[in-house]
Amino acid sequence: MAAMTWRPARCWCPSLLQVFRFQVAQVHLGRPTMRASQQDFENAMNQVKLLKKDPGNQVKLKLYALYKQATDGPCNMPKPGVFDLVNKAKWEAWNALGSLPKETARQNYVDLVSSLSPSSEASSQGKHEADEKVQGSKDIVVTSEDGITKIVLNRPTKKNAITFQMYQDIILALKNASTDSSAITAFTGTGDYYCSGNDLTNFTSASGGKEEAASRGAVVLREFVNSFIDFPKPLVAVVNGPAVGISVTLLGLFDAVYASDKATFHTPFSHLGQSPEACSSYTFPKIMGSAKATEMLLFGKKLTAREAWAQGLVTEVFPESTFENEVWTRLKAYAKLPPNSMRISKELIRKNEKEKLHAINAEECTTLQARWLSEECINALMNFMSRKAKL
Ligand SMILES: CCCCCCCCCCC/C=C/C(=O)SCCNC(=O)CCNC(=O)[C@H](O)C(C)(C)COP(=O)(O)OP(=O)(O)OC[C@H]1O[C@@H](n2cnc3c(N)ncnc32)[C@H](O)[C@@H]1OP(=O)(O)O
């Protein structure tokens, strides 16, 4: 086994890691099952060596984790000691991927590398493979094949929390997906979480005063939710793990929600001094009744996948062991249906509520803009930031 040890020309992040040795061993990946993806994977590994720009520790940890998941499967190493910073960071990144299948990890690795060097030929395939990756950044990876445009939240070390940039990336991804050649668009997450909602550092790290940040937040949130309200094609959520906050409330605007039985659904808005968004103040009572909606949106009751299914928020629950395979097989079959008929039928189902949903979205954003400036919310965000420091 030839080991390729990559020592950066300079220490990339002395504050976090003294020296980050990024070891990617060239291993014989066994008899090729899918020659092409294996070839892409090895090409991507070589591309990593040629990267001229420092991708940052987060990305390097992600590459390390995806590489290990793709070659060794789920994390099988004991957790390093608390003072072994480098290996503990690597262990956590790998462990955060949970039971992500090797093929998915391999594909995510290739996608991540190609997003780092977009001009690179991460794929050795012809036109078809090159079409698979259509847009995205390091945290939102968009691929399109088999009639499905897949929008992947790809920030597993932060439980796929949504940054300001990711909101913009998703708006663009939906805009592109609405006119591309795919029949269906699906959202899913990398790692053990679907999405832990809004990145709670969005506001504390925003430039300008908190009033300006709240105002910008309301504008981007309104545009973000409108892009879901107006999306013309079948929109499916593939909830691969726990979902928090806006990733849960948005489900009321999806056309189908398939969940792994390890998924949970949590909207801790009162705990955060906030209020509901993504039209959930209307869609949740409509879907599950006002009492169940109150338990979620006011009291922050966390639902299991089965409870969410029983309340109508989830269309179907699958065993974790067969979830990915069953869901993507089903969606590939659905994606073969006549796309115009599906689009027109969706328009019939949704058209009577669109105007109402836009108005509800506007009101929720105005309310949230005020909430973000409230003492209750600011204290809650500070508590979240300081919780680790107490450890
Ligand atoms: C200019 C302003 C722009 C604003 C942009 C628009 C704003 C739109 C806002 C729309 C309204 C949305 C509301 C919501 O979504 S409310 C819900 C927000 N989410 C949460 O409250 C979840 C917070 N996270 C947690 O409770 C836990 O992390 C969680 C239970 C999810 C997992 O716990 P666990 O112990 O398993 O893992 P860690 O806590 O160690 O998490 C691993 C690392 O990931 C970081 N993390 C996780 N979630 C978030 C998050 N939501 N925001 C920021 N960071 C998050 C966590 O801090 C860990 O990082 P470190 O390893 O660096 O500590």
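Counting starts at 1 for both ligands and their atoms, in listed order. Counting from 1, the numbers follow the sequence of the chain as shown. Only this structure's heavy atoms are used, side chains among them; waters, hydrogens and symmetry mates stay out.
Each of T249, L250, T267 was evaluated against E277; a single residue qualifies, T249, per the side-chain contact (heavy atoms from CB on, under 4.5 Å) test.
Between D192 and K159, at least one side-chain nitrogen of the basic residue sits less than 4.0 Å from a carboxylate oxygen of the acidic one, meeting the salt-bridge criterion. A salt bridge does not link K302 with E307: every distance from a Lys NZ or Arg NE/NH1/NH2 to an Asp or Glu carboxylate oxygen is 4.0 Å or more. Ionic pairing of K62 and D139 is present here: one or more N-O contacts between side-chain nitrogen and carboxylate oxygen are shorter than 4.0 angstrom. The pair D255-R350 counts as a salt bridge, with a side-chain nitrogen and a carboxylate oxygen less than 4.0 angstrom apart.
Within the set K159, E364, E223, the minimum heavy-atom distance to atom 36 (O) of ligand 1 is found for K159. Of the candidates L221, V225, V244, D199, the one placing a heavy atom closest to atom 10 (C) of ligand 1 is L221.
Checked against a 3.5 angstrom limit, the closest N/O atoms of K158 and ligand 1 fall inside it. Checking only distances, T201 never comes within under 3.5 Å of ligand 1, N or O to N or O. Inclusion of L200 in the set of residues having an N or O under 3.5 Å from an N or O of ligand 1 is warranted. For ligand 1, none of its N or O atoms has an N or O atom of N202 under 3.5 Å away. Residue I246 has at least one N or O atom closer than 3.5 Å to an N or O atom of ligand 1.
Using a non-hydrogen distance threshold of 4.0 Å, T157 registers as a contact of ligand 1. Ligand 1 has at least one atom lying under 4.0 Å from a heavy atom of F384.
Under the side chain to side chain donor-acceptor pair (under 3.5 Å) criterion, N95 pairs with no residue, sequence neighbours left out.
Taking a cut-off of under 4.0 Å to the non-hydrogen atoms of G197, the atoms of ligand 1 that pass are 15 (O). Ligand-side atoms of ligand 1 in range of W372: 9 (C), range being under 4.0 angstrom from any heavy atom. Close contacts of ligand 1 with G245, meaning ligand atoms under 4.0 Å from a residue heavy atom, involve 14 (C), 15 (O), 17 (C). Proximity to F164 (heavy-atom distance under 4.0 Å) selects the following atoms of ligand 1: 3 (C), 5 (C). Residue F203 has at least one heavy-atom neighbour below 4.0 Å for each of these atoms of ligand 1: 2 (C), 4 (C). Atoms of ligand 1 found under 4.0 Å from any heavy atom of A161, numbered from 1 in the order shown, are 49 (C), 50 (C), 51 (N), 52 (N). The ligand atoms of ligand 1 that sit less than 4.0 angstrom from a heavy atom of V220 are 5 (C), 6 (C).
At a heavy-atom distance under 4.0 Å, only side-chain atoms of Y167, from C-beta outward, approach ligand 1. For S196, heavy-atom contacts with ligand 1 shorter than 4.0 Å involve the backbone as well as the side chain.
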Contacts table for residues 219-232: side-chain donor-acceptor under 3.5 angstrom, sequence neighbours left out:
from : atom 1 : to   : atom 2 : distance (Å)
N226 : OD1    : H358 : ND1    : 2.7
N226 : OD1    : N361 : ND2    : 2.9
N226 : ND2    : R222 : O      : 3.3
S227 : OG     : F224 : O      : 2.4
D230 : OD1    : H358 : NE2    : 2.8
D230 : OD2    : H358 : NE2    : 3.3

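At a threshold of 4.5 Å between non-hydrogen side-chain atoms, the residues E316 and F318 count as touching.
The cluster map of Ile, Leu, Val, Met, Phe, Trp and Tyr, joined by side-chain heavy atoms under 4.5 Å apart, puts L313 and V244 in different clusters.
Of the possible donor and acceptor atoms, none in the side chain of D199 sits under 3.5 Å from a partner among the backbone N and O of A161.
There is no side-chain donor-acceptor pair under 3.5 Å between N240 and Y193.
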